[in-house]
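Below is one structure, written out as C-alpha cells; the observations come after it.
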2 protein chains.
Amino acid sequence: MEQKIILTVDVVLFTLVEGGLQVLLLKRTHEPYMDQLALPGGYIHAETDVDSRAGARRVLKEKTGLVSPYLEQLYSFSGGARDPRGWSVSIAYYALVDSTVLIEQGPTACTLLPVDDLPQLPFDHNRIIAFAVERLRNKSAYSALPCYLLPPAFTLTELQKTYEMVIGNKLDKSAFRRKLNDLDFLEPVAEVRTGVHRPAQLYRIRPTRNLVLFDRLISK
Amino acid sequence: MEQKIILTVDVVLFTLVEGGLQVLLLKRTHEPYMDQLALPGGYIHAETDVDSRAGARRVLKEKTGLVSPYLEQLYSFSGGARDPRGWSVSIAYYALVDSTVLIEQGPTACTLLPVDDLPQLPFDHNRIIAFAVERLRNKSAYSALPCYLLPPAFTLTELQKTYEMVIGNKLDKSAFRRKLNDLDFLEPVAEVRTGVHRPAQLYRIRPTRNLVLFDRLISK
DNA sequence: ATATTTAGTTGCATTTTGCCACTAAGTAGA
DNA sequence: TCTACTTAGTGGCAAAATGCAACTAAATAT
C-alpha cells in the first residue's frame, strides 16, 4: 500500500549583511506559485542523488551556483495541507555562506530579505524559515556555527560582531577572546587585516571535520 | 517529474532498565526482512496522518500499544541503498518511555536490547539507532530529557541515577540538586517514596509545553 | 540505644565569569 | 614629530558558579 506522495528538498540559505541575518529567496519558475518568491527547492532525483543531502547540495548549486561551507539537515516538513498538489514531504536543509561570496558568485536574480521581516511566502516556507532561524540562533550560542557566515579568514572582532548579530546580544570582548582561546578551535593565519587603525590578526577555523560545540552558552 | 519513492516512518523507542539504555525492537510481519528484528515502522497513511509526527505516533500506538510522553523527530534517512525496494526515505522519530509502563502496557512480543550491544539489523536501522543514541546522550546533558525515562513522579536520587546512566558519568549529589533548584522545572508532589530507609520526596515536571533546556552541560 | 543506610543540606576552596581599565599599533592633522 | 583618535588586544580583580567533602535527618533492624 503505497501512495503518491510528493518529495522535495528545500534549502534555507543564510547570510549576514550589515542589516542583520538575511535569507535567500528565488522567483519560482514552475507551478504552483509560479513567479512568486520562495525558498530554493526541487524534487529529489532518485537516479543521481545518493541521499537527500546530495539532493539539497545539487539544488543549491543548480539554482544559485553556490556551494556552502555548512549544510545541515534542518527538519522534514510534511502533511496534506502544505502543498496544493497533495500530501507532501519537504526535507529541509539550512546552509550558511559569506555574503561576499554570495554577492560575487551567487545568482543574478536572487532576493535577500531580512529574516525578521519577511512577506508571506508560498507553501509553509515561512514556517521553515522560522524553524531554521531558531535552530541557527540556538546552535550559534553553543557552537562555532557563526564562523561559517564569514570568509575563510576573519578577525576576532568580526567574529564577535557576527555572534552578536546572530544571537542578538552584546558580548564582552575580553571574555569572548578568553573563551575562544580556551576552546582552541581557531588558528592565526599569516596575515593581518589592515584598515585605517591598528591592524588585526586574521584567524581561520582549524581544519577539522566537525562543528565545534561548547560546553556552555555564550551569554555576556 | 516525480518518482516512485518509498516513504516510511520509524520510531526508536528508548527505555531505561538496571542494565542501561534499551531500545525496543519488533519482529517484522512483512517483507522485506520478514521475521527479523527491526525498529517499529510503517508507511505514512496520507488519508489519516496529518503529518509525519502523527504517522509516527500512530505507528507506535499500533505496533506497541504505547503512547510516549516524549516524541521528537530525529532525522530523515534517505537514499537508494537503504531499502532493497528502491530509493526510500524514513522520517525517523525517537521516543522515551518509563520501563514499568513499557512492561505493563507494551506489546507481549517485543524485544528490549541494550543500545551498546545490538545485533546487525535490517535496512540502516543500526545507523538510525546510533544516531538516536547520540542525540539522546547529547541532549540529556543540557536538558530535562531524562525525566521522560522515569514515571511521572520520581525522587531526585532516581533522577540523578537516570542522568548518570544516560550521559555516562557520575554526578555530584549536592551540585546536581543545586542545579535542579536553580532551574526550577520540578515541583514536589504530595507524596514520598518509602523504602527501608529515610523516605524520599517525590517530584514531577512542572506542567509546561516545552522541554526545559539548560545553559550549560551537566558534567560532574 | 546504636549501627546502618539513604535523603538532603551546608560550608568552603577553586574555578569561571563579567567588568573595566590598561597597553599597543596604526592614521591623521597641526 | 607631537598629539589626538580609533581599533586591537591584554591584565587584574570582584563576584558568581562549581566541585568536594563533611555534616544533619529520618527511617529500619538488632
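Protein chains get the first letters and strands the later ones, always in sequence-line order, with residue 1 at the start of each.
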Rounded to whole angstroms, how far apart are [atom1] on [X] and [atom2] on [N]?
X: Gln201(A); N: dA24(C); atom1: CD; atom2: C1'; result: 14 Å
X: Leu171(B); N: dA21(D); atom1: CG; atom2: P; result: 15 Å
X: Arg177(B); N: dT6(C); atom1: CZ; atom2: P; result: 13 Å
X: Phe176(A); N: dT10(D); atom1: CZ; atom2: C1'; result: 16 Å
X: Lys173(B); N: dT24(D); atom1: NZ; atom2: C1'; result: 11 Å
X: Leu183(A); N: dT16(C); atom1: CG; atom2: P; result: 12 Å

**Message:** Taking only side-chain N and O atoms of Ser174(A), does any of them lie within less than 4.0 angstrom of OP1 or OP2 on dT10(D)?
**Reply:** no
**Request:** Indicate whether OP1 or OP2 belonging to dA17(D) is found under 4.0 Å from a side-chain N or O atom of Arg216(A).
**Result:** no
**Prompt:** Tyr75(A) vs Phe131(A) aromatic rings, parallel, tilted or perpendicular, using cut-offs 30° and 60°?
**Reply:** tilted
**Complete:** Assert: residue with more 5' nearest nucleotide on DNA chain D, out of Lys179(B) and Asp172(A), is Asp172(A)
**Request:** Please figure out whether Asp215(B) or Arg178(A) has its closest DNA chain D nucleotide nearer the 5' end.
**Result:** Arg178(A)
**Prompt:** What's the shortest heavy-atom distance between Ile167(B) and Ser140(B), and which atoms?
**Reply:** CG2-CB, 3.9 Å
**Message:** Is it the case that the side chain of Thr155(B) and the backbone of Glu158(B) share a donor-acceptor pair, with hydrogens and angles ignored and the cut-off at 3.5 Å?
**Reply:** yes
**Prompt:** Between Gln105(A) and Leu102(A), is there a donor-acceptor pair closer than 3.5 Å when you use the side chain of the first and the backbone of the second?
**Reply:** no
**Asked** Has Glu18(B) got more than 12 heavy atoms of other residues, nucleotides or ligands less than 6.0 Å from its CD?
**Response** no
**Complete:** Expected list for residues 185-200 of chain B near DNA chain C, using heavy atoms below 4.0 Å, is His197(B), Arg198(B), Pro199(B), Ala200(B)
**Message:** Quick check: on DNA chain C, is the nucleotide nearest Thr155(B) upstream (toward 5') of the one nearest Ala175(A), or the reverse? Name the residue that is more 5'.
**Reply:** Thr155(B)
**Prompt:** Given that Tyr203(B) and Asp182(A) both sit by DNA chain C, which one's nearest nucleotide is further toward the 5' end?
**Reply:** Tyr203(B)
**Item:** side chain to side chain contact (heavy atoms under 4.5 Å, CB included) partner of Val23(A), chosen from Leu118(A), Leu13(A), Thr15(A)
**Value:** Leu118(A)
**Prompt:** Taking the six-membered ring for Trp, are Tyr163(B) and Phe176(B) ring centroids under 6.0 Å apart?
**Reply:** yes
